[in-house]
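One structure is given here, and the rest of the page talks about it.
Note that the structure is a prediction, hence the values are computed from the model and not measured. Counting begins at 1 with the first residue of the sequence.
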Amino acid sequence: QVQLVESGGGLVRPGGSLRLSCKASGFTFGDYSMGWFRQAPGKEREGVSCIASYDGSIHYADSVKGRFTTSRDNRESTVYLQMNNLKPEDSATYYCARAPVLGCSLEIHYYDTANWGEGTLVTVSS
């Protein structure tokens, strides 16, 4: 069955860095675009970044541009999110998701929302 397992979250001070990983299994990873989403308490889940299956094109939410970098390793069926210069407003549970599309979008309706992982908690605080 489809599994997405996020890891790498933790407590970090403002300005710090974290690298999140999402290990996928149960499907042909290279056939899917992958997205990172986050959800803070009391807020809706929002798209952070995505990386396309077709050409590896990448999009970021405006709030993280220049600070976050996403990449994928199809051999390892893993997608990464490198987060630098973290801010308190980045605090959230981060999730990855797959999208059966060639392109890349931050809109959640493109994604397989039936198979969210458990997420990994990121807390940015001094």
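Among residue pairs with one or both ends in residues 41-50, those qualifying as salt bridge (Lys or Arg N to Asp or Glu O under 4.0 Å) are Arg38-Glu46; sequence neighbours excluded. Residue pairs meeting the disulfide bond (SG atoms under 2.5 Å apart) criterion with at least one partner in residues 41-90, sequence neighbours excluded, are Cys50-Cys104. Applying the salt bridge (Lys or Arg N to Asp or Glu O under 4.0 Å) test to every pair with at least one member in residues 100-124, sequence neighbours left out, gives these pairs: Arg98-Asp112.
With sequence neighbours excluded, the residues satisfying salt bridge (charged side-chain N to carboxylate O under 4.0 Å, His left out) with Arg75 are Asp73. With sequence neighbours excluded, the residues satisfying salt bridge (charged side-chain N to carboxylate O under 4.0 Å, His left out) with Arg67 are Asp90. In this view, Asp31 satisfies the salt bridge (charged side-chain N to carboxylate O under 4.0 Å, His left out) rule with no residue, not counting sequence neighbours.
Here the two rings, on Tyr32 and Phe27, have centers that are under 6.0 Å apart.
Taking the side chain as every heavy atom from C-beta outward, Ser17 and Gln82 approach each other to under 4.5 Å. In this structure, the side chains of Leu20 and Trp36 come closer than 4.5 Å at one or more pairs of heavy atoms.
There is no path of hydrophobic side-chain contacts, each under 4.5 Å, that joins Ile51 to Phe37. Val48 and Ile108 end up in different hydrophobic clusters when Ile, Leu, Val, Met, Phe, Trp and Tyr side chains are linked at under 4.5 Å.
A donor-acceptor contact shorter than 3.5 Å links the side chain of Ser33 to the backbone of Gly103. Using a distance-only test at 3.5 Å, with no hydrogens or angles considered, no donor-acceptor pair links the side chain of Thr70 to the main chain of Leu81.
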